[in-house]
Amino acid sequence: MGWKLSAGACASEPQPGDRERRGNLSEEQRSLLATLDLRREMPALRATKSFLSLLFQVPRVLLSLVRGVLLGVCREVCCVRFLFAASLLSIFLAALSWGLLHLLPPLENDSKAMLTPSEYHERVRSHGQQLQQLQAELNKLRTEVARVRAAHSERVAKLVFQRLNEDFVQKPDYALSSVGATIDLQKTSHDYEDTKTAYFWNRFSFWNYARPPTVILEPDVFPGNCWAFQGDQGQVAIQLAGRVQLSDITLQHPPPSVAHTGDASSAPRDFAVFGLQIDNETEVFLGRFTFDVKKSAIQTFHLQNDPPSAFPKVKIQILSNWGHPRFTCLYRVRAHGLRISEGEDSATGATGGPH
C-alpha cells in the first residue's frame, strides 16, 4: 500500500508535507521518489521547447509574408513598366503612321483595291506594247543618227579631199593626167628596182608594187604612192596638156611626220627645170631650185621664163636628194602658166587664157 500511495502521490502535485515525509523514508524510496519527480517535470520541459519553436517560427512567417508582399509589389511594378513601355511604343507607331500617311505625297497610280489576275496581265501586256514602241522609236533614232553621221562624214571627206586636191595652190595644173598630160618615157629615168627583194613573183605586173612615173601626174599623194628612180640623180619629162607658157613649178612630198620611215631622206633636194621645144631636142633652162623638206610639203617655184615662151614639154632634172643612199622619190609635179592655142605663135608673145 505504501508503494501505491507513494506512486499516486508522485503523480500529483507535490504537497507541503512531502519533504517531511521523504525525510522519514529510506534511501531506496528516496531514489524512487526522485525518479518520479523527474518524470513529473518532463511535461514542463516539452512545453518549454514548443514555446521556443513557436517563438522562432514567428519571424520566419513574418519574413515569408514580407517576401511575398515584396514579390507582389515587384510584379506589379514590372507589369506597370511593361504597360507603360507598350503604351509609348504604340503612341510612337501611331504617330509614325500618321506622318507617313499625311506628309508623304500620295501615289498617282495607287489603287485602292488589289488587281485581279486578268487586270494584272492586261497591264503587263500594255506595258510590253509601250516598251516595243519605245524600242522601235529608238531604232529609228539610231538609224537617223547613223545616216546623218555618214552624210556628215562623207561631206567632210569630200571637203578634205577637195582641199587636198587644191592644196591651196590657186593655179591651173597642166601636168595633170586627167587633163591630158603624159610621161615621155624616152627622156625619163628607169624605175628603181630593189635587187635584194626582187623575187620571181615580182616579175608579174600584179605582184610588182613599184609605181610607174605617171603617178606624179595624179593628185593622190599618200605615203608610198610615188615614183622612185635609182640613186640621187635622175630626170622625168612631162608632155603637157598643150603648149604652155610656163611660169611656176610645184613639187609635193609628204612631211616626215606622216612617213612610215620617220624621215624624208628620199625626197628631192636640188633640181633644175628645162622647157623642151617642139623638136624635142632643144632645151631652155628655166631655173635651179632647192626643195626644203623642213618647210611646207607643197612648195611652188617661180621659173625664169622671160620673155615668156610656150613649151609642149617640161623636164625636171633631180640633182640630189636628202640623203637616201639607194633611190629618190617623186610624189607629184605640177606645171603652171598660160596655155597657148594651136594657131598662135608663141614667139610673138600671144597669150591665151588658162585652161
Side-chain angles (χ1 to χ4, degrees), residues 158-159 161-189 191 211-221 225-227 229 234-253 268 270-291 296-319 330-355:
K158 288 182 179 179
L159 181 61
F161 281 116
Q162 182 180 358
R163 293 300 184 185
L164 288 176
N165 291 333
E166 292 177 356
D167 292 326
F168 304 101
V169 180
Q170 301 298 325
K171 296 180 179 181
D173 180 15
Y174 295 102
L176 191 62
S177 60
S178 59
V179 297
T182 58
I183 298 293
D184 186 354
L185 296 177
Q186 294 181 355
K187 292 184 174 295
T188 300
S189 301
D191 301 343
R211 306 297 294 164
T214 54
V215 74
I216 68 174
L217 308 180
E218 299 174 357
D220 297 333
V221 181
N225 190 32
C226 65
W227 171 63
F229 57 86
Q235 65 181 28
V236 59
I238 303 173
Q239 178 73 45
L240 302 174
R243 296 177 62 204
V244 181
Q245 291 180 355
L246 295 173
S247 61
D248 302 278
I249 287 290
T250 298
L251 266 62
Q252 183 175 355
H253 192 92
D270 298 322
F271 66 97
V273 181
F274 299 87
L276 299 181
Q277 295 290 2
I278 299 177
D279 59 3
N280 205 22
E281 295 295 336
T282 304
E283 297 182 357
V284 178
F285 178 74
L286 300 179
R288 176 173 175 168
F289 312 96
T290 299
F291 182 85
S296 174
I298 303 173
Q299 300 178 29
T300 301
F301 307 91
H302 185 67
L303 300 178
Q304 304 171 7
N305 189 12
D306 189 21
S309 300
F311 304 98
K313 294 181 181 181
V314 62
K315 185 179 79 170
I316 310 297
Q317 185 176 6
I318 307 299
L319 304 176
L330 277 181
Y331 274 85
R332 188 178 179 187
V333 177
R334 309 182 207 185
H336 312 293
L338 295 176
R339 182 176 180 180
I340 304 302
S341 61
E342 296 295 337
E344 294 180 352
D345 187 2
S346 60
T348 60
T351 61
H355 179 67

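Bear in mind that the values here come from a model prediction, so they are computed numbers and not experimental data.
Using a 4.5 Å cut-off on side-chain heavy atoms (C-beta onward), L176 and P219 make contact. By the 4.5 Å heavy-atom criterion applied to side chains, N280 and K313 are counted as neighbours. For the pair I249/L286, no side-chain contact is recorded, criterion being any heavy-atom separation below 4.5 Å from C-beta on. Using a 4.5 Å cut-off on side-chain heavy atoms (C-beta onward), D191 and W227 make contact. A 4.5 Å side-chain heavy-atom check between L330 and P268 finds at least one atom pair inside the cut-off. Side chains of Y174 and H336 form no contact here, defined as non-hydrogen atoms less than 4.5 Å apart. The closest side-chain heavy-atom distance from V284 to N305 is not below 4.5 Å. Looking only at side-chain heavy atoms (C-beta outward), R288 and L319 come within less than 4.5 Å of each other.
Here OH of Y331 is found 7.5 Å from CG of N225. Values are rounded to the nearest 0.5 Å. We find the OG-CG distance between S178 and D173 to be 8.0 Å, quoted to the nearest 0.5 Å. Atoms CZ and OG, from R243 and S341 in turn, are 9.0 Å apart once rounded to the nearest 0.5 Å.
Salt-bridge formation is not detected for the pair E218/R332: no Lys NZ or Arg NE/NH1/NH2 atom is positioned less than 4.0 Å from an Asp or Glu carboxylate oxygen. Salt bridge status for D220 with R211: absent, with no side-chain N to carboxylate O gap under 4.0 Å.
For S247 against G337, the heavy-atom pair with the smallest separation is OG-CA, 3.4 Å. The minimum heavy-atom distance between A335 and L246, with the atom names listed, is CB-CD2, 3.9 Å. The nearest pair of heavy atoms linking A175 to A181 is C-CB, 3.5 Å. Across all non-hydrogen atoms, the minimal contact from I340 to A310 is CG1-CB, 3.7 Å. Nearest heavy-atom pair across P312 and Q239 is O-NE2, 3.4 Å. The minimum heavy-atom distance between A297 and F291, with the atom names listed, is O-CZ, 3.8 Å.
T290 and D270 share a donor-acceptor pair across their side chains, judged by distance under 3.5 Å alone. For the residue pair R334/Q252, the side-chain donor-acceptor check at 3.5 Å is satisfied.
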### Audit row: T214, T182, side-chain contact (heavy atoms from CB on, under 4.5 Å) steps and yes/no
CA-CA 7 Å; T214 54; T182 58; over 6 Å; no
### Query
Where do K315 and E283 land on the side-chain contact (heavy atoms from CB on, under 4.5 Å) test, with the steps shown first?
CA-CA 9 Å; K315 185 179 79 170; E283 297 182 357; 3.0 Å; yes
### Task
Decide yes or no on side-chain contact (heavy atoms from CB on, under 4.5 Å) for I316 and Q235, but give the supporting numbers first.
CA-CA 6 Å; I316 310 297; Q235 65 181 28; over 6 Å; no
### Message
I298 vs L251, test: side-chain contact (heavy atoms from CB on, under 4.5 Å). Steps then yes/no.
### Response
CA-CA 6 Å; I298 303 173; L251 266 62; over 6 Å; no
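Of the possible donor and acceptor atoms, one in the side chain of T188 sits under 3.5 Å from a partner among the backbone N and O of A237. When atom types are taken as modelled, the side chain of K187 and the backbone of I238 share no donor-acceptor pair closer than 3.5 angstrom. In this structure, D248 contributes its side chain and T300 its backbone to no donor-acceptor pair below 3.5 Å.
Centroid-to-centroid, the aromatic rings of F274 and F311 stay 6.0 Å apart or farther.
Ring geometry, F271 versus F289: the interplanar angle falls from 30° to 60°, so the pair is classed tilted.
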